[in-house]
Amino acid sequence: MKKIPAVSNTETNAKLPWLGVIADDYTGASDVAGTLVRAGMRVVQTFGIPESSMQMRDVDCIVISLKTRSVPVAEAVEQSLAAAHALTMRGVQQLYFKYCSTFDSTAEGNIGPVADALRGEFVRDGQVTVVAPGTPALRRTVYNGVLFAGMDLLQESSMRHHPLTPMSDSNVASLLQAQTKTPVGHVGYSAIEAGAAAVQSQLQILSAAATGYAVVDTLDDGHLAVLGSALLDHRLVTGGSGLVGGLAVARGARVQPGPAPVTRPTGPAAVVAGSCSEMTRAQINAFGQSRPCFLVDPVAIADGQDVVATALDFARQNMVDGPVLIHSTTSPEEVSRAQQQLGRARAAEITEQGLSTIAEGLISLGCRQLIVAGGETSGAVVRRLGIATARVGREVAPGVPWLTTETGLTTETGDEFAILLKSGNLGNPRLFLDAWDHDR
């Protein structure tokens, strides 16, 4: 696996990070990084596995962004183990395997196989590994081991139609047990309400019964705080972005001076959107009421039209007056039409290549603030721009922080730029309009 290039740094006596996060996609990594910043942590996010020679100035947490959610199992395991070893070499005390709060996976993986591999390398003495997808800030909760998306069972939410990981079950233990031979248990609401000692007692009972995993109920942030206190000595924890906040609180982040705010560049701004989620469509509709939008059609690209050049001409003419939006987001019917004409894989490839090329062109035009919507689109754009590390700023919405680049392409004036990587369903309808003024 190719590692990202090293970045030199002469600062010495830096504080060692206590937490190392292995995230299975880029927007999910930004989600967990934003949660940690909200809890008072200094966070660096890397895209890919950092070289051993890379020095990171005083940070509390390192978040490694991978793209392993839907790759072959063996590849996901290899990359995740490499990331874990890179983090432990930097002295982290606790590893956190971060996956989606909707437990995006199939019966083959990749959550179970990656967790098994990490347990095999880093967990000793029969310690139970917690499984905590619940993230109340995103309205993802777990009760009696059952995962809810808002008021809906997971299997009755929009996730049942996900093109790569359709979710047809809401029982987290069942979902995980299909992916692992390690027995999966459960720590219920009543134990968590009783406090950290009760949670630890339940985990010891499960360990004595040779249970390797424990799905934990999570209904509110108070439950996350209890779990954080109970899991301070656990070498490996797994979950969504919620539990890292509980872990940070348990380590006293809120009683320490907060980190200095990350300075975000200002200047020309643009949005590149590839997600077709309901929320992203709402955000595009809201933006289009007052600002110009350009639709990228993969069928037109396949027909030989120079859509990229046209999109960049559109941006050049309009970006001087404010943010512009370039997107491939359409209705499910239009997406189906393109997939029928081009094939599912080809349509996705054309779209992501086109959008990432446009993003590169926007930076070359002087764009210094870029929002990218959609997990696959975010991955394609980050790779195209060559971003290796970024400083994590405050969130615009839960799970959606601004990042300020430290490596990768720069604007035509040689300056760093800010990028916001948004999972399709996150944020409110006005996010594309309001994000630019956040913390100004």
Check the pair His186, Tyr213 against ring pair (Phe, Tyr, Trp, His ring centres under 6.0 Å), reporting the backbone distance first and the verdict last. CA-CA 8 Å; His186 173 239; Tyr213 294 106; over 10 Å; no

Cationic N near anionic O, under 4.0 Å, Arg368 to Glu416: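 Looking at Glu416 together with Arg368, the answer is no, because their closest N to O distance does not fall below 4.0 Å.
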
Arg344 and Glu349 ion-paired at < 4.0 Å: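 No, no charged N to carboxylate O under 4.0 Å.
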
Please determine, by modelled atom types, if [X] and [Y] share a side-chain donor-acceptor pair under 3.5 angstrom.
| X | Y | value |
| --- | --- | --- |
| Thr280 | Ser275 | yes |
| Gln369 | Arg264 | yes |
| Ser30 | Lys422 | no |
| Ser157 | Asp152 | no |
| Thr68 | Glu75 | no |

In the structure I gave you, are the side-chain heavy atoms of Val21 and Cys61 within less than 4.5 Å of one another anywhere? no

Which of these passes side-chain hydrogen bond (donor to acceptor under 3.5 Å, both in side chains) with Arg384: Glu352, Gln353, Glu360?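 Exactly one candidate clears the test, Glu360.
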
Taking the six-membered ring for Trp, are Phe122 and His85 ring centroids under 6.0 Å apart?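 So the answer is yes for these two rings.
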
Flag the pair Phe47 / Tyr26 as yes when their ring centroid distance falls below 6.0 Å, and as no otherwise. yes

Is it the case that more than 12 heavy atoms not belonging to Glu376 sit under 6.0 Å from its CD atom? no

Looking at Glu278, I'd like to know if its CD atom is crowded, meaning that more than 12 non-hydrogen atoms belonging to other residues, nucleotides or ligands lie closer than 6.0 Å.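 No, the 6.0 Å shell around CD holds no more than 12 heavy atoms from other groups.
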
